[in-house]
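Structure first, then comments.
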Amino acid sequence: YRAQEQKAFASNIVETLEEGRQQGRFDHLALVAAPDFLGVLRQSLSKPLSRMVSESLDKNLVDKDEETIRRQLFH
C-alpha cells in the first residue's frame, strides 16, 4: 500500500513540475527527498524533466528548519 501511495504522490509532483517546465518557470531542478522516495520520484520523471535535474540529494529534510535545509543544499 505504501508503494502505491509513493507512486501517486510522485505522479502529483511530476505533474506540477511538468507544468512548470512547459511554462518555462525553471531551467534546472534539484531533487531532494528521502532515499526511498527519491528513487520513485526519479522513475516518474519524463525524459525532458530528467534532463533538467542538475542535482539530487537523498536526505529526508521534512522536519528540518529552513537554515538546516539551506546548509544541506548550498554547502
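Note that this is a predicted model, so its numbers are computed, not measured.
Transitive grouping of hydrophobic side chains (ILVMFWY, heavy atoms separated by less than 4.5 Å) brings Val40 and Phe9 into a common cluster. Leu29 and Leu57 fall into different hydrophobic clusters, where Ile, Leu, Val, Met, Phe, Trp and Tyr side chains are chained together by heavy-atom contacts under 4.5 Å. By the rule that hydrophobic residues join a cluster once side-chain heavy atoms approach within less than 4.5 Å of another member, Met52 and Ile13 end up as members of one cluster.
Checked against salt bridge (Lys or Arg N to Asp or Glu O under 4.0 Å), Glu18 has the following partners two or more places apart in sequence or in another chain: Arg21. For the side chain to side chain donor-acceptor pair (under 3.5 Å) test, residues two or more places apart in sequence or in another chain that qualify with Glu66 are Arg70. With sequence neighbours excluded, no residue forms a salt bridge (Lys or Arg N to Asp or Glu O under 4.0 Å) with Asp58.
In this structure, Ser44 contributes its side chain and Ser11 its backbone to no donor-acceptor pair below 3.5 Å. In terms of modelled atom types and a separation under 3.5 Å, the side chain of Thr68 and the main chain of Lys64 share no donor-acceptor contact. Judged by distance alone, with hydrogens and angles left aside, the side-chain atoms of Asn12 form no donor-acceptor pair with the main-chain N or O of Val14 at under 3.5 Å.
Phe37 contributes atom CZ, which lies 10.0 Å from atom CZ of Arg2 (distance to the nearest 0.5 angstrom). Interatomic distance, Gln43 CD to Lys7 NZ, rounded to the nearest 0.5 Å: 7.5 Å.
Taking all atoms of both residues into account, the shortest heavy-atom contact from Ser50 to Leu45 is OG-CB, 3.5 Å.
Within a 6.0 Å sphere centred on CZ of Arg25, other residues, nucleotides and ligands contribute more than 12 heavy atoms. Annotation: Phe26, atom CZ; neighbour count of heavy atoms from other residues, nucleotides and ligands within 6.0 Å is above 12.
For the residue pair Ser56 / Arg42, a side-chain donor-acceptor distance below 3.5 Å is found, with atom types taken as modelled.
A 4.5 Å side-chain heavy-atom check between Gln6 and Leu41 finds every atom pair outside the cut-off.
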